[in-house]
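Only one structure is covered here, and it is reproduced in the block below.
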There are 2 protein chains.
Amino acid sequence: MEEAKRKKLEDKGWNVGTVSEFLDLTPEETTFIEIKLALSRYLKERRQKSMTQRKLADKLHSSQPRIAKAENGDASVSIELLIRAMLATGATPQEIGQVIAKVG
Amino acid sequence: MEEAKRKKLEDKGWNVGTVSEFLDLTPEETTFIEIKLALSRYLKERRQKSMTQRKLADKLHSSQPRIAKAENGDASVSIELLIRAMLATGATPQEIGQVIAKVG
DNA sequence: GATGAATATATCAGATATGATATCAATGGT
DNA sequence: ACCATTGATATCATATCTGATATATTCATC
């Protein structure tokens with residue numbers, strides 16, 4: 001993974017730390033982050049087609065800022081919330097599975 | 001969903017509350033729980049083929065009791081941990097995606 | 001049926017993710 | 001230009017998830 005990509009992750013709060021720490025990321029840890037980012041991107045696409053961030057937040061009993069973070073790949077957002085959000089937009093397990101399967 | 005199934009969930013700590021509260025579970029909430037349970041079952045299968053709970057716990061920098069809970073569908077275990085555990089057993093995003101896609 | 005390894009259950013203090021709130025920027029309609 | 005709507009950013013108290021620890025149970029194998 002290139003420096004530019006690392007910088008981008010750090011900007012979003014991904015605790016990749018120093019470069020040397022970053023290099024210690026196991027393949028599993030890298031894959032995990034990639035799964036979250038893939039869900040994040042897909043959520044944004046899907047949500048934009050049908051509702052505002054506020055509307056989705058209300059459905060989820062969450063808040064608009066949290067949805068913004070989820071869609072921007074912020075590290076403080078868990079896969080839990082990403083998947084719950086996807087389901088709230090009407091995504092099926094099939095779709096969610098496909099997004100994850102495409103990673104790697 | 002039948003009474004017997006509800007009882008089973010409650011035993012594992014799923015906060016489905018009273019029967020009436022349970023009936024208020026949205027389809028999305030139900031699907032979410034089913035995804036977690038599917039991952040849980042698959043994790044157990046997969047882990048048993050190659051290592052002990054302790055070995056997996058060490059790989060994850062987690063603990064054996066936490067793996068036991070993960071494999072038994074305990075409500076205190078997040079999808080985060082389930083997916084990290086799957087990856088630690090060597091599962092690919094493809095496999096994880098398939099398990100989720102099969103739900104519903 | 002005793003011994004040891006694997007797994008299950010209970011508890012808990014600390015870490016992390018959460019929703020709420022306030023605020024700002026960007027966009028667009030009037 | 002003004003105002004309303006949408007999305008982004010910052011902070012924070014609380015709730016939830018975490019690994020650790022202690023202990024109990026199951027289950028082989030002898």
Side-chain angles (χ1 to χ4, degrees), chain A residues 8-17 21 26 28-29 32-33 35-37 39-89, chain B residues 8-17 21 26 28-29 32-33 35-37 39-89:
Chain A
K8 226 171 161 185
L9 285 175
E10 283 181 349
D11 285 349
K12 294 187 174 175
W14 289 100
N15 184 25
V16 291
E21 277 175 60
T26 64
E28 291 79 24
E29 288 166 335
F32 184 72
I33 291 175
I35 288 175
K36 286 179 75 167
L37 293 178
L39 288 170
S40 169
R41 283 189 298 270
Y42 194 77
L43 172 63
K44 187 169 203 161
E45 267 183 44
R46 197 172 213 298
R47 191 269 314 164
Q48 285 178 331
K49 285 178 188 161
S50 52
M51 64 185 102
T52 67
Q53 289 184 343
R54 177 162 303 282
K55 182 86 187 298
L56 176 55
D58 289 348
K59 277 199 181 201
L60 275 171
H61 306 294
S62 179
S63 61
Q64 177 269 321
R66 206 113 260 283
I67 303 299
K69 284 176 197 239
E71 291 185 353
N72 283 309
D74 190 286
S76 81
V77 174
S78 71
I79 288 193
E80 307 276 317
L81 186 60
L82 289 169
I83 291 183
R84 287 200 298 119
M86 292 271 278
L87 292 172
T89 67
Chain B
K8 227 171 160 184
L9 285 174
E10 283 182 348
D11 285 350
K12 294 186 173 175
W14 289 99
N15 184 25
V16 290
E21 277 175 61
T26 64
E28 291 79 25
E29 289 166 334
F32 184 72
I33 292 176
I35 288 176
K36 286 181 76 168
L37 293 178
L39 288 170
S40 169
R41 283 190 297 269
Y42 193 76
L43 171 63
K44 186 170 204 162
E45 268 184 44
R46 198 170 211 298
R47 190 270 312 165
Q48 284 178 331
K49 286 180 186 159
S50 52
M51 64 186 101
T52 66
Q53 290 184 343
R54 176 160 304 283
K55 181 85 186 299
L56 176 55
D58 290 347
K59 279 197 180 203
L60 275 172
H61 308 293
S62 180
S63 61
Q64 177 269 320
R66 207 112 260 284
I67 303 300
K69 283 172 201 250
E71 292 185 351
N72 283 307
D74 190 287
S76 80
V77 175
S78 70
I79 287 194
E80 306 276 317
L81 186 60
L82 289 168
I83 290 183
R84 288 200 298 118
M86 292 271 278
L87 292 172
T89 68

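What you see is a predicted model; the values in this text were computed from it and never measured.
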Between CD1 on residue B/I83 and NZ on residue A/K36, distance to nearest 0.5 Å: 10.0 Å
Option from B/Q64, B/R66, B/Q48, B/K44 for which side-chain hydrogen bond (donor to acceptor under 3.5 Å, both in side chains) with B/Q53 holds: B/Q64
5'-most by nearest nucleotide on DNA chain D - B/L81 or B/P65: B/L81
Below 4.0 Å: OP1/OP2 of D/dG7 and any side-chain N or O of A/R47: yes
Side-chain N,O (B/R84) to OP1/OP2 (D/dG19) below 4.0 Å: yes
Matching residue for B/L39 among B/L81, B/V77, B/L82 - test: side-chain contact (heavy atoms from CB on, under 4.5 Å): B/L82
Side-chain N or O of B/R66 closer than 4.0 Å to phosphate OP1/OP2 of D/dT18: yes
Separation of atom CD in B/Q64 from atom C1' in D/dT18, rounded to whole Å: 15 Å
Distance in angstrom units between A/L43 CG and D/dG7 P, rounded: 12 Å
Touch class at under 4.0 angstrom, heavy-atom based, for B/I67 against every strand present: nothing
Atom pair distance, as rounded to whole Å: CG in B/D11 and C1' in C/dT9: 13 Å
Rounded distance (Å) that lies between atom P of C/dA8 and atom CD of B/E71: 7 Å
Atom pair distance, as rounded to whole Å: CE in A/M51 and P in D/dG7: 11 Å
Distance in angstrom units between A/D58 CG and D/dT6 P, rounded: 11 Å
Residue-phosphate contact under 4.0 Å: B/S63 side-chain N/O, D/dA20 OP1/OP2: no
Under 4.0 angstrom between B/T52 side-chain N/O and C/dA6 OP1 or OP2: no
Side chains of A/E80 and B/E80 in contact at under 4.5 Å (non-hydrogen atoms): yes
Between P of C/dT7 and CD of B/Q48, the distance in whole Å: 7 Å
Non-hydrogen side-chain atoms of A/L43 and A/L56 separated by less than 4.5 Å: yes
Sugar-phosphate, base or nothing in reach of B/K44, heavy atoms under 4.0 Å: sugar-phosphate
Short side-chain N/O contact to C/dT18 OP1/OP2 from A/S78, under 4.0 Å: yes
Under-4.0 Å side-chain N/O to phosphate OP1/OP2 contact, B/N72 with C/dT7: no
Under-4.0 Å side-chain N/O to phosphate OP1/OP2 contact, B/Q53 with C/dA8: yes
Length of the CG-P vector between A/L60 and C/dA17, whole Å: 18 Å
